[in-house]
Amino acid sequence: MSDGLLPKGYTFHELEPHWYDFWVKQGFFQAKVESPEPPYTIVIPPPNVTGQLHMGHALNNTLQDILCRYKRMKGFDVLWVPGTDHAGIATQNVVERELSHEGLSRHELGREKFLERVWIWREKYGGIIINQLKRLGASCDWSRERFTMDEGLSAAVRQVFVSLYREGLIYRGRRMINWCPRCMTALANIEVEGEELDSHLYHIRYPLVNGQGSLVVATTRPETMLGDTAVAVHPDDPRYRNFVGEKVLLPLAKREIPVIGDAYVDREFGTGALKITPAHDFNDFDIGRKHQLDVVQVIGEDGTMSQEAGSYAGLDRFACRKRVLEDLEKEGLLVKVEPYRHRVGHCYRCKKVVEPSLSLQWFVDTRPLADVAMDAVRTGKTRIVPVKWEKDYFNWLENVEDWCISRQIWWGHRIPAWYCQECGHLMVEMEAPSACAGCGSGRLEQDADVLDTWFSSALWPFSTLGWPEDTADVKKYYPTSVLVTGFDILFFWVARMMMMGLHFKKEVPFRDVYVHALVRDAQGQKMSKSKGNVIDPLVVMDRFGTDAFRFTLTALAVQGRDVKLSEDRIEGYRHFVNKIWNAARLVLMNLEGLNDLVDIPQKLDSLAHRWILSRLRQVSLEVDEALEQYHFNQYAHALYHFLWHEYCDWYLEMAKADFYGEDPERKALARSVAVRVLERILLLLNPVMPFVTEEIWQKLPQTSGSIMEASLPEPEPRWRDEDAEEKMDVLMAVITGIRNVRGEMNVPPATRVEVVCLCEEDSSRRILDEYASTVTDLAKLAGLKVGLVGEMQKPRMAASTVTRRVEVYVILEGILDFESEARRLEKELTRVEQEFSITQRKLSNEDFLGRAPQEVVEKEREKGARLGEKLEKLRGHYERLKTLKT
RNA sequence: GGGCGGAUAGCUCAGCUGGGAGAGCAUCGGCCUUACAAGCCGAGGGUCGCAGGUUCGAGCCCUGUUCCGCCCACCA
């Protein structure tokens with residue numbers, strides 16, 4: 001498999017598509033339902049068919065892919081179900097816009113022809129986002145790709161609708177709903193986004209019919225006064241108490257309407273008199289019902305004024321507002337206009353102001369379903385991670401209102417309800433009935449409305465597996481293991497999947513819900529086209545490679561914190577990809593033409609090998625822990641640090657001596673350990689960086705096939721080696737100490753110097769003796785003398801430091817600059833003195849000694865002793881320097 | 001109005017059950033050392049938002065407070 005050398009650079013442009021195609025062809029992404037392996041299941045949050053891959057998708061799917069690839073390596077039968085959502089309103093809007101370019105409207109085309117057009121559009125563009133997910137490397141089981149309007153999923157929708165209807169959990173009723181005059185449909189409450197706007201509060205005078213004065217009401221929507229059917233005051237309000245029961249003359253409309261008393265009215269707000277428009281306000285509707293008021297609908301479906309608005313009929317609602325104000329002004333009834341900032345509901349699809357409206361719609365009685373959904377989380381059947389989202393989940397479900405599920409659009413699942421044109425009988429059935437169950441008439445008409453997109457999404461975890469059929473997939477893969485999603489659809493989607501899953505499967509849809517953050521720009525601003533701060537994932541992948549991009553998202557994916565992304569960060573992590581590549585190059589270079597790899601022996605003598613294996617084991621454990629806990633950033637950082645600053649900076653540097661040395665046995669062992677560790681690093685990194693790890697894997701000797709076929713071994717307990725880690729710490733500290741002195745004393749790297757190390761302990765002396773050549777290589781020495789303190793003469797012309805109970809003298813015969821060495825030592829002395837005095841203060845504190853745990857006190861004592869010793873030695877060095885100088 | 005999150009180095013952020021303030025980037029100095037200048041070796045830089053409290057000990061716990069962000073809510 002190995003052809004030795006890696007090319008100088010990693011060319012992701014060619015390699016990424018190459019390996020992705022290879023994986024798909026090999027069927028590595030396919031779940032094996034008949035396999036005995038335990039299932040690990042994720043259903044993708046289906047992107048809208050109209051979607052283009054944005055940063056949110058990229059983060060969401062990178063995290064899912066990491067989990068899937070990791071679990072696959074650990075021996076699970078992984079199923080990641082992909083698919084897209086038909087996105088009712090969004091898609092209809094897109095196709096309507098396309099039509100309008102041809103000068104057509106959907107109404108001109110007619111329902112059937114329009115739907116044909118949408119399907120054509122879907123054929124043409126529906127695959128875009130899917131291909132973009134592939135570009136991202138998503139290891140979905142494409143053989144199981146689903147679409148919410150597939151035949152199977154549509155059957156599930158009908159089944160659920162009919163069942164809930166028969167159970168009395170779906171009903172049809174005339175209610176106040178939010179109406180979008182642009183999209184011309186009802187919306188569910190959560191589909192309305194409240195946005196704060198600078199507006200005005202208009203004070204309008206309503207004269208009493210009896211001529212005995214007037215009432216002034218305050219409103220933000222003066223045009224709705226045309227639909228007023230009462231004025232309400234607080235029954236205990238001394239200002240207005242006497243008006244209750246009287247009538248006022250509604251200006252402009254010239255209708256007489258009653259003054260009613262209702263405790264709902266806030267005496268403090270506005271004028272304390274409230275105009276009541278039951279047809280266009282949720283509260284007014286309730287009050288209207290309580291007082292049996294007339295309902296006058298003055299705003300039509302398209303946002304223009306209705307016939308009821310009299311002379312204002314046909315005007316756009318906002319034009320009407322202007323006219324109403326002008327007319328009131330003329331009549332001297334506009335008392336006051338004050339600036340007022342308040343929240344106005346906007347359609348979440350088209351962002352236009354919605355109108356509360358009275359309308360006949362279908363609803364889900366959510367309460368019973370919501371209670372079960374709450375219980376499942378309360379009892380831990382589903383775990384929400386991070387837990388803080390549980391609060392939002394509960395809060396929403398506790399206050400949830402009935403869900404308006406009918407939409408007056410054409411693209412979507414048609415409501416399976418038929419009305420008899422003869423007797424008006426309503427039938428809700430899976431399939432179109434042929435005759436009226438009431439009167440037998442064949443003149444039946446199906447309800448014109450379609451279902452809310454989120455209705456079918458709510459079934460996604462089981463409808464995609466084949467439900468209502470009792471398929472093998474349903475049996476094996478439900479409940480799913482985890483749902484990975486953004487918090488923005490916690491209510492829209494997650495809560496409703498919980499309700500539907502529990503109701504129809506009697507089992508939660510997922511064990512875990514991992515809620516990740518939003519991706520923002522470098523300044524923390526939400527990315528939006530209008531702000532022009534959008535970073536396009538496709539552009540990023542093109543520039544920096546998919547692996548670098550994925551790694552960046554992962555490294556930044558901290559629980560509970562938004563991801564602030566900038567191209568600089570991605571560029572930084574591209575360097576990491578490069579680092580892996582070059583580490584692999586080094587290792588492979590030294591394998592070229594040789595095939596002497598050996599198994600790692602049970603007992604190793606070499607400190608470097610023992611150390612790196614011990615560290616590798618530790619990092620493997622950290623990785624596993626991090627991924628199990630969904631701490632994606634920790635996963636990324638652990639590997640980043642290990643590969644770069646342990647494997648490359650220390651281990652490979654030390655191994656070079658063996659690589660280039662003459663001893664064939666040492667050579668073979670070093671090569672073998674280097675390769676084994678590299679293999680393991682590749683495996684651990686593979687979930688986040690699938691492409692580059694595959695490419696390198698393929699070049700390694702003794703690996704067969706794809707990295708996707710490899711399994712990740714358990715971290716070997718026998719590799720744990722505290723002794724090696726301690727010894728390496730000594731070695732690294734001494735080497736760093738020498739480098740430090742060299743750097744500060746401006747000794748050029750090319751200049752090799754003599755070093756003398758005086759050790760306090762025999763153990764350190766032995767380590768330094770044994771690894772003298774390592775120290776010499778890595779610290780660029782001409783020679784190294786090691787001895788115990790007292791055994792050996794302290795060198796004269798030397799810069800010095802103390803570390804790990806080792807006195808390090810860098811001999812600078814003839815080039816020692818006394819002044820700068822003195823300054824350097826003074827600086828170090830000051831620092832150590834400060835640290836030392838802190839520990840001394842603690843150790844002389846009776847309370848500390850008495851109350852702190854023994855081990856903490858002991859630790860402090862050791863630290864004090866260490867610092868004291870170090871301080872003493874440094875002082876000695878400083879004194880000697882002064883005498884030497886003179 | 002209610003709730004939540006954040007405030008730690010110049011920037012972006014880690015910091016788990018209280019016990020030696022960390023990383024990456026940026027900055028400064030030195031290096032083309034035969035894997036990598038997309039690199040190597042060093043260095044500097046912090047009153048952990050502010051004020052109290054608990055504790056032998058607080059970035060971490062409690063109270064208050066300021067600023068920023070988000071979510072929810074029918075005061076017109």
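Atoms considered below: every heavy atom in the structure, side chains included; atoms not considered: hydrogens, waters and symmetry mates. Residue numbering restarts at 1 for every chain, and letters A, B, ... go by the order of the sequence lines.
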Name the pairing partner of [N], where a pair is Watson-Crick or G-U wobble with both distances under 3.5 Å, or state none.
{"N": "B:G59", "answer": "none"}
{"N": "B:G42", "answer": "B:C28"}
{"N": "B:U65", "answer": "B:G49"}

Looking across every strand, which nucleic acid part, if any, lies under 4.0 Å from [X] by heavy atom: base, sugar-phosphate, or nothing?
{"X": "A:Glu744", "answer": "sugar-phosphate"}
{"X": "A:Phe282", "answer": "nothing"}
{"X": "A:Arg221", "answer": "nothing"}
{"X": "A:Val217", "answer": "nothing"}
{"X": "A:Arg823", "answer": "nothing"}
{"X": "A:Arg343", "answer": "base"}
{"X": "A:Tyr264", "answer": "base"}

Next item on the list: Measure the spacing between CD1 of A:Ile838 and NZ of A:Lys863 and express it to the nearest 0.5 Å.
Entry: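 Answer rounded to 0.5 Å: 7.0 Å.
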Next item on the list: Check each residue of residues 270-281 of chain A for a non-hydrogen atom within less than 4.0 Å of any atom in RNA chain B, then write out the ones that pass by number, or none.
Entry: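 Listed by number, they are A:Gly272, A:Leu274.
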Next item on the list: With a 4.0 Å heavy-atom cut-off, tell me which residues in residues 640-656 of chain A come close to RNA chain B, sorted by residue number.
Entry: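 Hits under 4.0 Å, by residue number: A:Tyr640, A:Trp644, A:His645, A:Cys648, A:Asp649, A:Glu653, A:Lys656.
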Margin query: Between A:Phe492 and A:Tyr348, is the ring centroid distance below 6.0 Å?
Written below: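 Centroid distance A:Phe492-A:Tyr348: below 6.0 Å, so yes.
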Check: Strictly under 6.0 Å, is that where the ring centroids of A:Phe551 and A:Tyr573 end up?
Finding: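 Aromatic pair counts; centres sit under 6.0 Å.
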Quick one: is [N] close enough that its OP1 or OP2 comes under 4.0 Å of any side-chain N or O from [X]?
{"X": "A:Lys579", "N": "B:C40", "value": "yes"}
{"X": "A:Tyr340", "N": "B:A76", "value": "yes"}
{"X": "A:Arg574", "N": "B:C36", "value": "no"}
{"X": "A:Lys8", "N": "B:C36", "value": "yes"}

Using atom [atom1] of each nucleotide, how far apart are [N] and [M] to the nearest Å?
{"N": "B:A35", "M": "B:U27", "atom1": "C1'", "result": "28 Å"}
{"N": "B:A51", "M": "B:G59", "atom1": "P", "result": "13 Å"}
{"N": "B:A21", "M": "B:C48", "atom1": "P", "result": "11 Å"}
{"N": "B:G10", "M": "B:C16", "atom1": "C1'", "result": "29 Å"}
{"N": "B:C41", "M": "B:G49", "atom1": "P", "result": "33 Å"}
{"N": "B:U17", "M": "B:C31", "atom1": "P", "result": "47 Å"}
{"N": "B:A38", "M": "B:U33", "atom1": "P", "result": "15 Å"}
{"N": "B:U8", "M": "B:A58", "atom1": "C1'", "result": "14 Å"}

Among [options], the nucleotide that comes nearest once only the side chain of [X] is considered:
{"X": "A:His575", "options": "B:G19, B:A76, B:A38", "answer": "B:A38"}
{"X": "A:Lys564", "options": "B:G19, B:G42, B:C13", "answer": "B:C13"}
{"X": "A:Asn395", "options": "B:G42, B:A14, B:C72", "answer": "B:C72"}
{"X": "A:Asn582", "options": "B:A76, B:A35, B:C71", "answer": "B:A35"}
{"X": "A:Ala583", "options": "B:G20, B:A35, B:G29", "answer": "B:A35"}
{"X": "A:Thr219", "options": "B:A76, B:A14, B:A35", "answer": "B:A76"}
{"X": "A:Asn740", "options": "B:C72, B:A43, B:A35", "answer": "B:A43"}
{"X": "A:Lys391", "options": "B:C4, B:C31, B:A38", "answer": "B:C4"}

Any donor-acceptor N or O pair under 3.5 Å, side chains [X], [Y]:
{"X": "A:Tyr10", "Y": "A:Asn578", "answer": "no"}
{"X": "A:Thr801", "Y": "A:Glu828", "answer": "yes"}
{"X": "A:Glu338", "Y": "A:His203", "answer": "yes"}
{"X": "A:His291", "Y": "A:Asp262", "answer": "yes"}

Margin query: On RNA chain B, compare the nucleotides closest to A:Glu268 and A:Ala584; which residue's is nearer the 5' end?
Written below: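 Taking each residue's closest nucleotide, the earlier one in sequence belongs to A:Ala584.
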Notebook entry, point to check: Charged N to carboxylate O under 4.0 angstrom, A:Glu571 versus A:Arg574?
Noted result: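 Yes, A:Glu571 and A:Arg574 are salt-bridged.
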Do other residues, nucleotides or ligands put more than 12 heavy atoms under 6.0 Å from the [atom1] atom of [X]?
{"X": "A:Glu401", "atom1": "CD", "answer": "no"}
{"X": "A:Glu268", "atom1": "CD", "answer": "no"}
{"X": "A:Arg239", "atom1": "CZ", "answer": "yes"}

Would you kindly give the [atom1]-to-[atom2] distance between [X] and [N], to the nearest whole Å?
{"X": "A:Leu553", "N": "B:C13", "atom1": "CG", "atom2": "P", "result": "15 Å"}
{"X": "A:Phe487", "N": "B:G6", "atom1": "CZ", "atom2": "P", "result": "13 Å"}
{"X": "A:Glu828", "N": "B:A43", "atom1": "CD", "atom2": "P", "result": "10 Å"}
{"X": "A:Asn283", "N": "B:A73", "atom1": "CG", "atom2": "C1'", "result": "11 Å"}

Next item on the list: Just say parallel, tilted or perpendicular for the rings of A:Tyr640 and A:His637, cut-offs at 30° and 60°.
Entry: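 The arrangement is perpendicular - the two ring planes meet at more than 60°.
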Next item on the list: Identify the residue among A:Glu355, A:Lys275, A:Arg221 that makes a side-chain contact (heavy atoms from CB on, under 4.5 Å) with A:Asp281.
Entry: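 Testing A:Asp281 for a side-chain contact (heavy atoms from CB on, under 4.5 Å) against A:Glu355, A:Lys275, A:Arg221 leaves exactly one candidate, A:Arg221.
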Checklist line | Contact summary for A:Ala218 and A:Thr271, nearest pair of heavy atoms | finding: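 Where A:Ala218 meets A:Thr271 most closely, the heavy atoms are N-OG1, 3.9 Å.
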Note to self: On the side chain of A:Lys388, is there an atom forming a donor-acceptor pair with the base of B:C4 - under 3.5 Å, no angle test?
What the structure shows: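 For A:Lys388, whose side chain was compared with the base of B:C4, there is no donor-acceptor pair (under 3.5 Å).
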Margin query: I want to check something: taking the side chain as every heavy atom from C-beta on, are A:Tyr206 and A:Ile204 in contact at a cut-off of under 4.5 Å?
Written below: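 The answer is yes, as the side chains (C-beta and beyond) meet within the 4.5 Å cut-off.
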Checklist line | Protein proximity profile, nucleotides 56-61 of chain B - base contact B, sugar-phosphate-only contact S, no contact -, cut-off 4.0 Å on heavy atoms | finding: B-----
